Enquirer: 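Dumping the structure here so I can ask a few things about it.
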Amino acid sequence: MKNLSLILLLAATIIPSSAAAAFDVNLKYGSKGDAVVELQEFLTDQGIYSGPITGNFFSLTRTAVKKFQTLNNIEPVAGYFGPISRARANVILSLSD
């Protein structure tokens, strides 16, 4: 068990945090916090968000989420980062490992 803990600790320091990141909460207009920061960073990496990384899900983030949904054929294009959008983003993240 001690070896497993050591391996996990080493992996956490070697593997970039974005590779281990996964979206597991729904986000919508007005959401705030670290999950929104991760979303904004992801959308920036995808080249569809150029606003500030604030942790606040307002109009710029909603517009980028709508663009992400359009580019990934997710309907409805509502700007709500729910289960379908999260699943697609997680697939994209897993492919970048």
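Worth saying up front: this structure is predicted, and the values here are computed from it rather than measured.
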Enquirer: Which heavy atom in P52 sits nearest to a heavy atom in L60, and how many Å separate them?
Expert: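 Scanning both residues completely, I find the closest heavy atoms to be CD-CD1, 4.0 Å.
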
Enquirer: Check whether I74 and L43 end up in the same hydrophobic cluster, where Ile, Leu, Val, Met, Phe, Trp and Tyr are linked by side-chain heavy atoms less than 4.5 Å apart.
Expert: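 Yes.
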
Enquirer: Could you check L93 against N90 for side chain to side chain contact (heavy atoms under 4.5 Å, CB included), going step by step and ending with a plain yes or no?
Expert: CA-CA 5 Å; L93 286 173; N90 287 334; 4.1 Å; yes

Enquirer: Does the plane of the ring in F81 sit parallel, tilted or perpendicular to the ring in F68? Use 30° and 60° as the thresholds.
Expert: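 Judged by the thresholds at 30° and 60°, the geometry between F81 and F68 is tilted.
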
Enquirer: Looking at OH of Y29 and OG of S59, how far apart are the two atoms once the value is rounded to the nearest 0.5 Å?
Expert: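 Going from OH on Y29 over to OG on S59, the span is 5.5 Å.
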
Enquirer: Apply the hydrophobic cluster definition, ILVMFWY joined by side-chain contacts under 4.5 Å directly or through others, and give me every member besides V91.
Expert: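 Cluster partners of V91: L95.
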
Enquirer: For I84, is there any backbone N or O sitting under 3.5 Å from a side-chain donor or acceptor partner on Q69?
Expert: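 Judged by distance alone, no pair lies under 3.5 Å.
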
Enquirer: Between NZ of K67 and CD1 of I48, what distance do you get to the nearest 0.5 Å?
Expert: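 One finds 7.0 Å between NZ of K67 and CD1 of I48.
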
Enquirer: Under a 4.5 Å cut-off applied to non-hydrogen side-chain atoms, are T44 and S50 in contact?
Expert: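 No, their side chains stay 4.5 Å or more apart.
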
Enquirer: Going by heavy atoms in the side chains, are K32 and F58 under 4.5 Å from each other?
Expert: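 K32 reaches F58 side chain to side chain.
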
Enquirer: For R86 and V25, which heavy atoms make the closest approach, and how far apart are they?
Expert: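 Minimum heavy-atom contact is CD-O, 2.9 Å.
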
Enquirer: Could you walk me through whether I53 and Y49 pass the side chain to side chain contact (heavy atoms under 4.5 Å, CB included) check?
Expert: CA-CA 9 Å; I53 307 297; Y49 179 75; 4.0 Å; yes

Enquirer: If you measure from OG1 on T61 to NZ on K66, what distance do you get to the nearest 0.5 Å?
Expert: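 Rounded to the nearest 0.5 Å, the OG1-NZ separation comes out at 12.5 Å.
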
Enquirer: For the residue pair L27 and Y80, what are the closest heavy atoms and their distance?
Expert: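 That would be O-CD1, 3.6 Å.
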
